[in-house]
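The basis for the numbers below is simple: all heavy atoms, side chains too, and nothing from hydrogens, waters or symmetry mates.
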Amino acid sequence: MRTIKFRAKRLMNGSWVYGDLHLIAAHPHIHPAKGVSYLIKEETIGQFTNLYDRNKKEIYEGDLLKLQDDDTGWIEVRFVRGVFAFLWQGNLDDEMPINAPTHEWATVVGNIHDNPELLKGGAQ
């Protein structure tokens, strides 16, 4: 069975929080446990892809991945046209639905919110 969970940055302190997403209030919330709720920054919401990298780290929408033996670029994980997809260098014209065993070749090196320098071709 597929695990459905989300992550987002907390509104109060910018730390990451993981859990169930609730959009019914004026501000979205994430509930990591029963009776606990955090206001979140809507623009940082990312869903878990149900995939893991080589280090057994969960891969979320908005993560940036590196290929095992390739230092030439990065792959962004994004939800596009109803499916999670890999975008080479963030290019929408160069997308591929996720269908590869990421645990064999991918390493999460950051995400689009904490590492914007990667999106601009900065240091890796």
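Under a 3.5 Å cut-off, the side chain of Ser37 and the backbone N or O of His29 do not form any donor-acceptor pair. Between the side chain of Asn115 and the main chain of Glu117, no donor-acceptor pair closer than 3.5 Å is present.
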Carefully, step by step, assess Val109 and Leu65 under the rule side-chain contact (heavy atoms from CB on, under 4.5 Å). CA-CA 6 Å; Val109 294; Leu65 310 176; over 6 Å; no

Give the intermediate values and the outcome of side-chain contact (heavy atoms from CB on, under 4.5 Å) for residues Phe84 and Gln47. CA-CA 9 Å; Phe84 288 109; Gln47 187 173 4; 3.8 Å; yes

Candidate pair Ile40 and Leu21, rule side-chain contact (heavy atoms from CB on, under 4.5 Å), full reasoning: CA-CA 10 Å; Ile40 56 171; Leu21 178 65; 3.7 Å; yes

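Under the ring-ring contact (aromatic ring centres under 6.0 Å, His included) criterion, Tyr38 pairs with no residue at all, not counting sequence neighbours.
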For residues 4-17, please give each side-chain donor-acceptor pair under 3.5 Å, one per line with the distance, not counting sequence neighbours.
unit_1 : atom_1 : unit_2 : atom_2 : d
Lys5   : NZ     : Glu58  : OE1    : 3.2
Lys5   : NZ     : Glu58  : OE2    : 2.6
Arg7   : NH1    : Asp63  : OD1    : 3.0
Arg7   : NH2    : Asp63  : OD1    : 2.6
Lys9   : NZ     : Asp114 : OD1    : 2.5
Asn13  : OD1    : Ser15  : N      : 2.9
Asn13  : OD1    : Ser15  : OG     : 2.8
Trp16  : NE1    : Asp114 : OD2    : 2.8

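Here the straight-line distance linking atom OG1 of Thr107 with atom NZ of Lys66 works out to 10.0 Å at 0.5 Å rounding. Here the straight-line distance linking atom OH of Tyr60 with atom OG1 of Thr44 works out to 12.5 Å at 0.5 Å rounding.
Follow the hydrophobic side-chain contacts under 4.5 Å out from Ile45 and you reach Ile30 in the same cluster. Under a hydrophobic clustering in which Ile, Leu, Val, Met, Phe, Trp and Tyr are joined whenever their side-chain heavy atoms come within less than 4.5 Å, directly or via other members, Phe79 and Leu51 fall into the same cluster.
For the pair Leu64/Ile112, a side-chain contact is recorded, criterion being any heavy-atom separation below 4.5 Å from C-beta on.
For residues 34-45, there are no salt bridge (charged side-chain N to carboxylate O under 4.0 Å, His left out) pairs, not counting sequence neighbours.
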